[in-house]
Novice: 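Before anything else, here's the structure in question.
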Amino acid sequence: MELPALPIESLRPHAGAALGFAVAFATAVVAGRLRRPLLAGLAGGIGVLAGWWFTFGLLTATPRQLPERLPLLMLMVVFAAALAGALARRWSWLAWPSAVVVAAGVGWWMAGAPRILPDAQRSWPVWIGIATATLVIAGRASPPWAAPLAAGFLLAGLIGAGLPGPQAVLGGVLLAAAVAMLLAPGGARAAPQPAAAMPLAAAIAALAAVPVLA
């Protein structure tokens, strides 16, 4: 699938990154003061969602291009991770099974959301690959600077590749939100993995997969 050669000016790159940073930072600060570790952990993903959605503007429910799948993906993952984290607080044994379900959903969506068996059989390498990457990133105990570092390397790779499309702009939003999580006082009170880390992990895995899938 060919990436859309959208004019960079139409994507409001600086505004999207600024909004992503502001939303992630404010959410982490408020969550820290309210002592809501799950919300603090989700702050980065909420910032990415805000920045990506603002970058694209109004989206349809059936995206035609790979990058257009990302804002809708983040919306679903933020809600699913919040639900998974809430369930895990009450029943701790659900932490990893719910994370596996959310990661499988990420892979399914990026694989084209197959709904019949032949489509699923054709897309299973993409489905499994992205789901596994999301789960590994979310489940790994990492220092606070790991997410901004990963987002920075991803952005550098996207810029260096020079491919058409908005993925470098989206990478800037991801980096801004990850840095906001690092700088926000409430970020230190984030809930443990994997549910709280799922949105940022999904954003990194899905965005990195866009040029590969294309």
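Start at 1 with the first residue, then count along the sequence.
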Novice: Does the side chain of Trp109 come within less than 4.5 Å of Pro114's, by heavy atoms?
Specialist: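 Contact flag for Pro114/Trp109 side chains = no.
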
Novice: Atom CZ of Phe79 and atom CD1 of Ile46: how far apart are they, to the nearest 0.5 Å?
Specialist: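 If I round to the nearest 0.5 Å, the distance is 9.0 Å.
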
Novice: I want to check something: taking the side chain as every heavy atom from C-beta on, are Met76 and Val106 in contact at a cut-off of under 4.5 Å?
Specialist: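 Met76 does not reach Val106 side chain to side chain.
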
Novice: Report yes or no: do Val101 and Leu200 belong to one cluster of Ile/Leu/Val/Met/Phe/Trp/Tyr joined by side chain heavy-atom distances under 4.5 Å?
Specialist: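 Shared cluster, no.
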
Novice: Looking at residues at least two apart in the chain, or sitting in another chain, which of them share a side-chain contact (heavy atoms from CB on, under 4.5 Å) with Leu83?
Specialist: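 Leu83: side-chain contact (heavy atoms from CB on, under 4.5 Å) contacts with Leu87.
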
Novice: Looking at every heavy atom in both Trp53 and Leu72, which two are closest together, and how far apart are they?
Specialist: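 Heavy-atom minimum between the residues: CH2-CD2, 3.7 Å.
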
Novice: Hydrophobic cluster membership, with links at side-chain heavy-atom distances under 4.5 Å among I/L/V/M/F/W/Y: are Leu182 and Leu39 in one?
Specialist: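 Cluster IDs for Leu182 and Leu39 differ.
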
Novice: Find the distance between CG (Leu73) and CD (Glu68) and round it off to the nearest 0.5 Å.
Specialist: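 Leu73 atom CG to Glu68 atom CD measures 13.5 Å (nearest 0.5 Å).
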
Novice: About how many Å separate CZ of Phe21 and CG of Leu175, when rounded to the nearest 0.5 Å?
Specialist: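 So the CG of Leu175 and the CZ of Phe21 are separated by 10.5 Å.
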
Novice: Find the distance between CD1 (Ile130) and OG1 (Thr134) and round it off to the nearest 0.5 Å.
Specialist: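 These two atoms lie 7.0 Å from each other.
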
Novice: At their closest point, which heavy atom of Ala104 faces which heavy atom of Trp127, and how far apart are they?
Specialist: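 Distance-wise, the nearest heavy atoms are O-NE1, 2.9 Å.
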
Novice: Which pair of heavy atoms, one from Val29 and one from Ala184, lies closest together, and at what distance?
Specialist: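 That would be CG2-CB, 4.2 Å.
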
Novice: With sequence neighbours left out, write down each residue that passes salt bridge (Lys or Arg N to Asp or Glu O under 4.0 Å) with Arg122, or none if nothing qualifies.
Specialist: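 By the salt bridge (Lys or Arg N to Asp or Glu O under 4.0 Å) rule, Arg122 matches Asp119.
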
Novice: Ignoring hydrogens, what is the shortest heavy-atom contact between Ala43 and Ala28? Give both atom names and the distance.
Specialist: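 Looks like CB-N, 3.6 Å.
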
Novice: Which heavy atom of Ala138 sits nearest a heavy atom of Ala197, and at what distance?
Specialist: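 Nearest heavy atoms, Ala138 then Ala197: O-CB, 3.7 Å.
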
Novice: Nearest 0.5 Å, what's the CE-CG distance between Met198 and Leu135?
Specialist: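 Reported to 0.5 Å precision, the distance equals 5.5 Å.
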
Novice: Taking all non-hydrogen atoms of both residues, which atom of Ala17 and which atom of Val173 are closest, and how far apart?
Specialist: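 Nearest heavy atoms, Ala17 then Val173: N-CG2, 3.7 Å.
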
Novice: Just to verify, what does Leu207 make a side-chain contact (heavy atoms from CB on, under 4.5 Å) with, not counting sequence neighbours?
Specialist: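 Partners of Leu207 by the side-chain contact (heavy atoms from CB on, under 4.5 Å) criterion, ordered by chain and then number, come out as Trp52, Leu70, Leu154, Leu158, Gln167, Leu170, Leu174.
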
